**Q** 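Here's a structure for you.
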Amino acid sequence: MPHESEFLRTLDERGFIHQCSDFAGLDALARRNEVVGYIGFDCTAVSLHIGSLIQIMMLYWLQQTGNKAVALMGGGTTRVGDPSGRDQSRKLLSVEEIEANKDGIKQVFARFLRFGAGKRDAIMLDNAEWLTKLNYIEFLRDVGRHFSVNRMLSMDSVKLRLERDQEMSFIEFNYMCLQAYDFVELSRRVGCNLQMGGSDQWGNIVTGVDLGRRMATPQLYALTTPLLTTASGAKMGKTAAGAVWLNAELFSPYDYWQFWRNTEDADVGRFLRLFTLLPLDEIRRLESLTGADINEAKKVLATEATRLLHGEQAANEAAKTARETFEEGALAQSLPTVELPRAEFEAGLGVLTAFVRAGLAASNGDARRQIKGGGLRLNDVPVTDERATLRAADLSPDGVIKLSLGRKRHVLLRPVPAEKNGSAA
RNA sequence: GGGGGAAUGUCCCGAGUGGCAAAGGGGGCGGACUGUAAAUCCGCUGGCUUACGCCUUCGUAGGUUCGAGUCCUACUUCCCCCA
């Protein structure tokens, strides 16, 4: 069942598609470039993380193949909380937190979508705009009567919670109603006819499609992506440093590059298709590399993915830093740098403290343990004495000391004259 | 309304006899092996300390005790059964 539209064909070839409510119908729309598709993003953190990247890429391809993309901020729905895939209720965020999160999340979209007022320009909306103005009684009469509680109870997001005897409050139970209503509202406001999302959103999205039929919107469609895990089964996007954030202030371009560079062999092809724009025949060539040669493909993946999110320059710098550090054994000046007052350094800084200040150890005790395990290095020399003190002789000609945790994590410590405080560069 | 159970190392699951910094997993980190991969093996996984050691942790608050995760009382939350 090959798709005729460029949109579906591209998504299919690149591995984005998990389920669709009606391939033929959507294909027909896409062939005429009449798809107006949206994806909703919860505002539960100040930045999206890598788990949302596949959704963002779908919006990208939607626009690139001649259709209209809508990025929906969940400023309203986040006040309610999505129970999908959760074992327990999440604590409610304050309105202020949600607004702050929304501001942080917005930034990233400009890198992937062309916004504007034109027919094929992307737009960004916030469902707080209509959800917060709903009148409860009216909503129940106009919308609520279309929802079957029987069916909602049978949906996975609800059923699982009930089966495990886990509490599910009424507010969470309403989440899918609001999300379904969003779809209808977007249909009416901007002619939206497609909602995309992760496979865990299938139930919520289809509920929206169904509500649209009952409320007489034009035909709506649902399209979901597969759940992304690494080849060895782990959830994607967890590293030593925690979540892989998309905002550069939370997760530097260098770390981002490293994240992709450390992709498992078996995932390289899949990730190249999903997270880069490289042509498929080039990807086929890269993923066919075997043994150590596949490292070349990983570097391409890292640089391409970083370029998309952080730009050409940041990507090249990250690639250069990695090359100097890992391949040439040189001291790359662009490694993450932590500054500390020169006075503190001259007063005699213990190695333990130094590693804690650099963010490579959680506490002195942690640093001690790492030393015992042979995991800490000072200027590439393993630290063996936990009582050692950093000295001026340890400074490189450029005035920095290189601290390393394990093979991969390196930080430069730089004493500075003023009272500037240590912050990662 | 009555009866019974449960809450453990703030990542998760989960043993626990009055002497416990608290078994065991998972996850994570480090080491070895490699290719900045996977798999495998080994070590570590509360804070402070050069160290003897000190401090903080088992839902909350009290109590018994030389000593309490462990016993008693009250409270909070959750689950099960009866009504």
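Just so it is clear: chains get the letters A, B, ... in the order the sequence lines come, proteins before strands, and each one is counted from 1. As the structure is a computational prediction, the values presented were derived from the model and not from experiment.
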**Q** For the C1' atoms, the ones on U17(B) and on U49(B), what distance do you get once it is rounded to whole angstrom?
**A**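 About 33 Å, rounded to a whole number of Å.
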**Q** Go through residues 303-322 of chain A and report each residue with a non-hydrogen atom lying under 4.0 Å from RNA chain B, sorted by number.
**A**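 Of all residues in residues 303-322 of chain A, the ones placing a heavy atom under 4.0 Å from RNA chain B are Ala322(A).
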**Q** Do you know the tightest heavy-atom contact between Cys177(A) and Phe147(A)?
**A**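 Heavy atoms of Cys177(A) and Phe147(A) come nearest at CA-CZ, 3.5 Å.
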**Q** Which pairs count as ring-ring contact (aromatic ring centres under 6.0 Å, His included) when at least one residue sits in residues 315-345 of chain A, sequence neighbours excluded?
**A**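 Pairs touching residues 315-345 of chain A that pass the test: Phe326(A)-His410(A).
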**Q** For Arg14(A), give me all partners under salt bridge (charged side-chain N to carboxylate O under 4.0 Å, His left out), at least two apart in sequence or on another chain.
**A**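 Arg14(A) satisfies salt bridge (charged side-chain N to carboxylate O under 4.0 Å, His left out) with no residue once adjacent residues are dropped.
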**Q** Say we look at G24(B) and G31(B): how far apart would their P atoms be, to the nearest angstrom?
**A**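 24 Å, rounded to whole Å.
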**Q** Roughly how many Å is it from CG in Asp366(A) to P in G43(B), rounded to a whole number?
**A**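 It works out to 19 Å between those atoms.
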**Q** Hey, could you give me each pair passing salt bridge (Lys or Arg N to Asp or Glu O under 4.0 Å) that has a residue in residues 127-137 of chain A? Not counting sequence neighbours.
**A**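 Salt bridge (Lys or Arg N to Asp or Glu O under 4.0 Å) check on residues 127-137 of chain A returns Glu129(A)-Arg189(A).
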**Q** Please enumerate all residues that pass salt bridge (charged side-chain N to carboxylate O under 4.0 Å, His left out) together with Lys408(A), with sequence neighbours excluded.
**A**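 Result, salt bridge (charged side-chain N to carboxylate O under 4.0 Å, His left out) vs Lys408(A): none returned.
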**Q** Which value, in whole Å, describes the distance between the C1' atoms of nucleotides G59(B) and C48(B)?
**A**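 These two C1' atoms come out 27 Å apart once rounded.
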**Q** Run the salt bridge (charged side-chain N to carboxylate O under 4.0 Å, His left out) test against Arg284(A) and tell me which residues pass, sequence neighbours left out.
**A**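 Checked Arg284(A) against salt bridge (charged side-chain N to carboxylate O under 4.0 Å, His left out); zero matches.
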**Q** Rounding to the closest angstrom, what is the interatomic distance between G28(B) and C33(B) at atom P?
**A**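 22 Å, rounded to whole Å.
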**Q** Once you round it to whole Å, what is the distance between C1' of G35(B) and CD of Glu264(A)?
**A**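 So the CD-C1' distance, Glu264(A) to G35(B), works out to 14 Å.
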**Q** In whole angstrom, what separates Ile371(A)'s CD1 from C29(B)'s C1'?
**A**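 After rounding, the reported distance stands at 15 Å.
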**Q** Would you tabulate the nitrogen or oxygen pairs shorter than 3.5 Å linking the protein to nucleotides 51-58 of chain B?
**A**
none

**Q** With a 4.0 Å cut-off on N to O distance, would you call Lys320(A) and Glu317(A) a salt bridge?
**A**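 Looking at Glu317(A) together with Lys320(A), the answer is no, because their closest N to O distance does not fall below 4.0 Å.
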**Q** OP1 or OP2 of U49(B) versus the side-chain N and O atoms of Asn364(A): is any pair under 4.0 Å?
**A**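 Indeed, a polar side-chain atom of Asn364(A) lies that close.
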**Q** Any base atoms under 4.0 Å from Arg261(A), or only sugar-phosphate, or nothing? Heavy atoms, all strands.
**A**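 Touches a base.
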**Q** Determine the minimum heavy-atom distance between Asp27(A) and Glu4(A), stating which atoms define it.
**A**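 Of all heavy-atom pairs spanning Asp27(A) and Glu4(A), the closest is OD2-N, 2.8 Å.
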**Q** In chain order, what residues pass the side chain to side chain donor-acceptor pair (under 3.5 Å) check against Arg323(A), with sequence neighbours excluded?
**A**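 Arg323(A): no side chain to side chain donor-acceptor pair (under 3.5 Å) contacts found.
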**Q** When you get a sec, tell me which of C48(B), A32(B), G30(B) is the closest nucleotide to the side chain of Ser363(A)?
**A**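 That would be C48(B).
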**Q** Using atom C1' of each nucleotide, how far apart are C78(B) and G25(B) to the nearest Å?
**A**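 Pairwise C1' distance, C78(B) against G25(B), rounds to 25 Å.
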**Q** Quick one: side chain to side chain donor-acceptor pair (under 3.5 Å) partners of Asp265(A), sequence neighbours excluded?
**A**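 With sequence neighbours excluded, Asp265(A) shows a side chain to side chain donor-acceptor pair (under 3.5 Å) to Lys298(A), given in chain and number order.
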**Q** What side-chain donor-acceptor pairs closer than 3.5 Å can you find for residues 103-112 of chain A, not counting sequence neighbours?
**A**
from, atom 1, to, atom 2, distance (Å)
Arg111(A), NE, Leu309(A), O, 2.8

**Q** Pull out every residue in residues 282-294 of chain A that has a heavy atom closer than 4.0 Å to any atom of RNA chain B, ordered by number, or say none.
**A**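 Heavy-atom contacts with RNA chain B come from Gly291(A), Ala292(A), Ile294(A).
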**Q** Charged N to carboxylate O below 4.0 Å: is that the case for Arg9(A) and Asp12(A)?
**A**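 Judged by the 4.0 Å cut-off on N to carboxylate O distance, Arg9(A) and Asp12(A) do not form a salt bridge.
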**Q** Please report the distance, rounded to the nearest Å, between CG in Asp255(A) and C1' in U36(B).
**A**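 Distance check: Asp255(A) CG to U36(B) C1' gives 13 Å.
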**Q** Please pick, from G35(B), G30(B), A38(B), the nucleotide with the shortest atom-to-atom distance to any side-chain atom of Arg409(A).
**A**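 Nearest nucleotide to the side chain: G30(B).
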**Q** Under a 3.5 Å limit for both distances, which nucleotide forms a Watson-Crick or G-U wobble pair with C78(B), could you say?
**A**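 C78(B) is paired with G5(B).
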**Q** Between P on A37(B) and CD on Gln258(A), what's the gap in Å once rounded to a whole number?
**A**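 Computing the Gln258(A):CD to A37(B):P distance gives 10 Å.
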**Q** Can you check C33(B) for me, syn or anti if syn means within 90° of 0?
**A**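 With its glycosidic angle more than 90° from zero, C33(B) counts as anti.
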**Q** If you measure from the C1' atom in A15(B) to the same atom in C20(B), how many Å do you get, rounded?
**A**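 Looking at atom C1' only, A15(B) and C20(B) are 13 Å apart.
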**Q** When the C1' atoms of A83(B) and U60(B) are considered, how many whole Å apart are they?
**A**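 It comes out at 30 Å once rounded to the nearest Å.
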**Q** Using OP1 and OP2 only, check whether a side-chain N or O of Arg407(A) sits under 4.0 Å from A32(B).
**A**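 Arg407(A) to A32(B) OP1/OP2: side-chain N or O found under 4.0 Å.
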**Q** Are Lys408(A) and A37(B) close enough that a side-chain N or O sits under 4.0 Å from OP1 or OP2?
**A**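 Answer is yes, contact under 4.0 Å.
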**Q** Checking Lys299(A) now: which residues fulfil salt bridge (charged side-chain N to carboxylate O under 4.0 Å, His left out) with it, not counting sequence neighbours?
**A**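 Testing Lys299(A) for salt bridge (charged side-chain N to carboxylate O under 4.0 Å, His left out), a comparison that skips the adjacent residues, returns Glu296(A), Glu327(A).
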**Q** Between C1' on G35(B) and CD on Glu327(A), what's the gap in Å once rounded to a whole number?
**A**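 Nearest whole value for this atom pair: 11 Å.
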**Q** Can you identify which nucleotide, out of G35(B), U50(B), U36(B), has its nearest atom closest to the Trp257(A) side chain?
**A**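 Per side-chain heavy atoms of Trp257(A), the pick is U36(B).
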**Q** Check the distance between U36(B)'s C1' and Leu405(A)'s CG and give it to me in whole angstrom.
**A**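 Value for this atom pair: 14 Å.
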**Q** Rounded to whole angstrom units, what separation is found between the CG atom of Asp265(A) and the C1' atom of A39(B)?
**A**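 Roughly 11 Å, once rounded to whole Å.
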**Q** When the C1' atoms of A7(B) and G14(B) are compared, how many Å lie between them, rounded to an integer?
**A**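 Going atom to atom, C1' in each nucleotide, I get 13 Å.
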**Q** State plainly whether the residues Arg285(A) and Glu282(A) are in salt-bridge range, i.e. N to O under 4.0 Å.
**A**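 Yes, charged N to carboxylate O under 4.0 Å.
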**Q** Which is true for Thr325(A) with a 4.0 Å heavy-atom rule: it touches a base, it touches only sugar-phosphate, or it touches nothing?
**A**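 Since no nucleic acid heavy atom lies under 4.0 Å of Thr325(A), the category is nothing.
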